[in-house]
Visitor: 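Starting off with a structure, shown below.
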Amino acid sequence: MSEARIDDRVLGTLHARILDWFSEHARDLPWRSATASAWEIFLSEVMSQQTPVARVEPIWREWISRWPTPFALADAPAGEAVRHWGRLGYPRRALRLHEAARAMVARHDGQVPTSYEDLLALPGVGEYTAAAVASFAHGDPQVVIDTNIRRVLVRAVEGRALPAPSLTARERAVAAAAMPSDREQANAWNAAVMELGALVCTARAPRCGDCPVLEICAWQRAGCPPDDGPARRGQAWHGTDRQVRGRILQLLRDTPSPVARDHLDTVWPQDPVKVDRCLAGLVEDGLVEPVEAGYSLPA
DNA sequence: CAAGCGTGGGC
DNA sequence: TGCCCAAGCTT
């Protein structure tokens with residue numbers, strides 16, 4: 001366990017300025033309401049994984065209205081979760097949310113667990129989500145590290161443009177050292193740094209003119225050097241299994257009854273073998289179920 | 001552990 | 001236009 005030291009004066013300024021900025025500029029997201037339940041916050045966190053907040057909000061409203069508690073979702077067929085996931089992306093998250101709801105009913109009296117360890121044990125919950133739910137839903141100031149926080153800290157403290165592809169021990173140490181010691185402030189800090197990364201200290205075209213910690217930012221003082229890491233590999237899309245899986249699922253979501261195998265070829269007419277492979281993968285993942293009449297979302 | 005997993009908006 | 005990226009997780 002390495003240790004990171006941040007100058008006390010710098011730290012004090014970071015805390016004061018970023019918390020103050022947050023109190024003024026935080027977006028009015030529904031799951032930040034004082035009355036939001038742990039379940040509502042849990043849903044928002046999983047839905048927000050790799051997904052812009054603007055796209056999450058309508059689906060989140062639909063879900064909390066339809067399934068206001070873990071019991072409600074646990075009682076629904078898994079396929080309904082996938083159907084109402086819509087086009088949010090990474091639909092395995094819908095399945096895992098459904099499994100998580102059933103785990104909450106089975107192991108936690110239908111409640112969102114409060115400890116980091118119990119949260120981490122839920123399907124679809126990794127280090128980030130476990131820490132975020134502990135902090136935001138339960139007021140337990142775990143060290144939250146997401147892509148926004150990594151970027152803000154690597155710039156403000158380390159003076160580099162972008163964090164490395166994978167989380168380093170050094171980053172964990174810096175994030176831990178950056179947390180305010182006060183419990184309330186620590187929880188606010190988690191949300192505030194994320195928000196600063198999302199709105200101001202963005203990956204491309206950061207709005208440094210609006211930054212509350214411009215004067216003490218190490219990256220700024222270094223003259224905003226460009227990223228020195230290896231070029232990032234973009235994800236292929238056209239013609240990939242991902243694209244075809246997406247189309248198959250979209251068709252199944254938009255069709256109330258099972259879809260015949262032949263009809264599924266319409267999503268990728270140039271290659272029925274690829275459709276076969278993707279279908280097998282979707283069945284393997286539990287996102288699709290073979291039935292007599294063809295294929296449908298799982299029961 | 002590197003690769004796979006959706007989707008759509010912004011530049 | 002094409003590329004980059006967005007509150008990651010799993011195997």
Visitor: Are any side-chain N or O atoms of A:Arg155 and backbone N or O atoms of A:Arg160, one a donor and one an acceptor, separated by less than 3.5 Å?
Guide: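 Here the side-chain-to-backbone pair does not exist.
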Visitor: If you take any heavy atom closer than 4.0 Å to DNA chain B, which residues from residues 113-133 of chain A end up in contact?
Guide: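 Per residue number, the list is empty: none.
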Visitor: Tell me which pairs pass salt bridge (charged side-chain N to carboxylate O under 4.0 Å, His left out) where either residue lies in residues 52-70 of chain A, with sequence neighbours left out.
Guide: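 Pairs touching residues 52-70 of chain A that pass the test: A:Glu57-A:Arg61, A:Glu62-A:Arg66.
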Visitor: So which atom in A:Ala101 and which in A:Pro70 form the shortest heavy-atom distance, rounded to 0.1 Å?
Guide: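 That closest heavy-atom pairing would be CB-O, 3.6 Å.
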Visitor: So, do A:Trp63 and A:Trp85 have ring centers that fall under 6.0 Å from each other?
Guide: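 For A:Trp63 and A:Trp85, the ring centres are under 6.0 Å apart.
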Visitor: Charged N to carboxylate O below 4.0 Å: is that the case for A:Arg170 and A:Glu158?
Guide: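 Looking at A:Arg170 and A:Glu158, the cut-off is met.
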Visitor: Quick check: does any side chain N or O of A:Lys274 sit under 3.5 Å from a backbone N or O of A:Pro269, one acting as donor and the other as acceptor?
Guide: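 Not at all, since once roles are kept as given, no pair shorter than 3.5 Å links the two residues.
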Visitor: Between A:Tyr116 and A:Glu127, do the side chains contain an N or O donor and an N or O acceptor separated by less than 3.5 Å?
Guide: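 The answer is no; no qualifying pair exists.
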Visitor: Any salt bridge (charged side-chain N to carboxylate O under 4.0 Å, His left out) pairs touching residues 178-200 of chain A, not counting sequence neighbours?
Guide: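 For residues 178-200 of chain A, and leaving out neighbouring residues, the salt bridge (charged side-chain N to carboxylate O under 4.0 Å, His left out) pairs sorted by first residue read A:Arg27-A:Glu195, A:Arg32-A:Glu195.
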Visitor: Sub-3.5 Å donor-acceptor pair from the side chain of A:Asp140 to the main-chain atoms of A:Ser115, do we have one?
Guide: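 Here the side-chain-to-backbone pair does not exist.
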Visitor: On DNA chain B, which is the earliest and which the latest nucleotide, 5' to 3', with an atom closer than 4.0 Å to a heavy atom of chain A?
Guide: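 Contact span on the strand: B:dC5 to B:dG10.
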Visitor: On a whole-Å scale, what distance lies between the P atoms belonging to B:dC5 and B:dG9?
Guide: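 The answer is 23 Å between these two P atoms.
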Visitor: Looking only at side chains, do A:Arg93 and A:Gln49 share a donor and an acceptor under 3.5 Å apart?
Guide: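 On atom types as modelled, these side chains do not qualify, holding no pair under 3.5 Å.
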Visitor: Give one of base, sugar-phosphate or nothing for A:Leu29, where a contact means two heavy atoms less than 4.0 Å apart.
Guide: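 Since a base atom lies under 4.0 Å of A:Leu29, the category is base.
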Visitor: Any base atoms under 4.0 Å from A:Arg87, or only sugar-phosphate, or nothing? Heavy atoms, all strands.
Guide: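 A:Arg87: backbone/sugar contact only, no base atoms under 4.0 Å.
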Visitor: Do A:Trp60 and A:Glu40 come within less than 4.5 Å of each other through their side chains, counting heavy atoms only?
Guide: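 In short, these two side chains touch, coming nearer than 4.5 Å.
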Visitor: Do the side chains of A:Arg83 and A:Asp254 get close enough for a salt bridge, i.e. N-O under 4.0 angstrom?
Guide: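 The answer is no: the pair does not qualify as a salt bridge.
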Visitor: Could you check whether A:Gln111 and A:Asp109, counting side-chain N and O atoms only, form a donor-acceptor pair closer than 3.5 Å?
Guide: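 Side-chain D/A pair, A:Asp109 to A:Gln111: absent.
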Visitor: Could you list by number each residue of residues 136-164 of chain A showing a heavy-atom separation from DNA chain C of less than 4.0 Å, or answer none if no residue does?
Guide: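 Nucleic-acid contacts, sorted: A:Asp146, A:Thr147, A:Asn148, A:Arg151.
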Visitor: Using the P atom as the reference point in each nucleotide, state the distance between C:dT11 and B:dG6 in Å, no decimals.
Guide: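 After rounding to an integer number of Å, I get 14 Å for this pair.
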Visitor: Which nucleotide in the list C:dC4, C:dA7, C:dG8 gets nearest to the side chain of A:Arg204?
Guide: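 Nearest to the side-chain atoms of A:Arg204, counting from C-beta on, is C:dC4.
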Visitor: Just call it for A:Trp85: base, sugar-phosphate, or nothing, with non-hydrogen atoms closer than 4.0 Å on any strand.
Guide: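 A:Trp85: no heavy atom of the nucleic acid under 4.0 Å.
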Visitor: Identify, residue by residue, the members of residues 48-60 of chain A with a heavy atom below 4.0 Å from DNA chain B, and return them in order of residue number, or none.
Guide: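 Per residue number, the list reads A:Gln50, A:Thr51, A:Arg55.
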Visitor: Any chance the side chains of A:Arg242 and A:Gln235 put a donor and an acceptor closer than 3.5 Å?
Guide: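 Judged by distance alone, the side chains do pair up.
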Visitor: Between A:Ser166 and A:Arg93, which has a closest nucleotide on DNA chain B that is more 5'?
Guide: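 Its nearest nucleotide being more 5', the pick is A:Ser166.
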Visitor: What is the distance, to the nearest angstrom, from the CD atom on A:Glu45 to the C1' atom on C:dA6?
Guide: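 For the pair A:Glu45 CD and C:dA6 C1', the rounded distance is 14 Å.
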Visitor: Take atom C1' in C:dA7 and the same atom in B:dA2, then report the distance between them in whole Å.
Guide: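 To the nearest whole Å, 22 Å.
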Visitor: Taking atom P of C:dA7 as reference, at what distance in whole Å does atom CG of A:Leu97 sit?
Guide: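 Between P of C:dA7 and CG of A:Leu97: 19 Å.
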Visitor: Over all strands shown, is A:Leu249 touching base, sugar-phosphate only, or nothing at heavy-atom distances under 4.0 angstrom?
Guide: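 Counting heavy atoms under 4.0 Å across all strands, no contact is made by A:Leu249.
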Visitor: Please report the distance, rounded to the nearest Å, between NE2 in A:His238 and C1' in C:dC4.
Guide: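 Rounded to whole Å, this separation is 13 Å.
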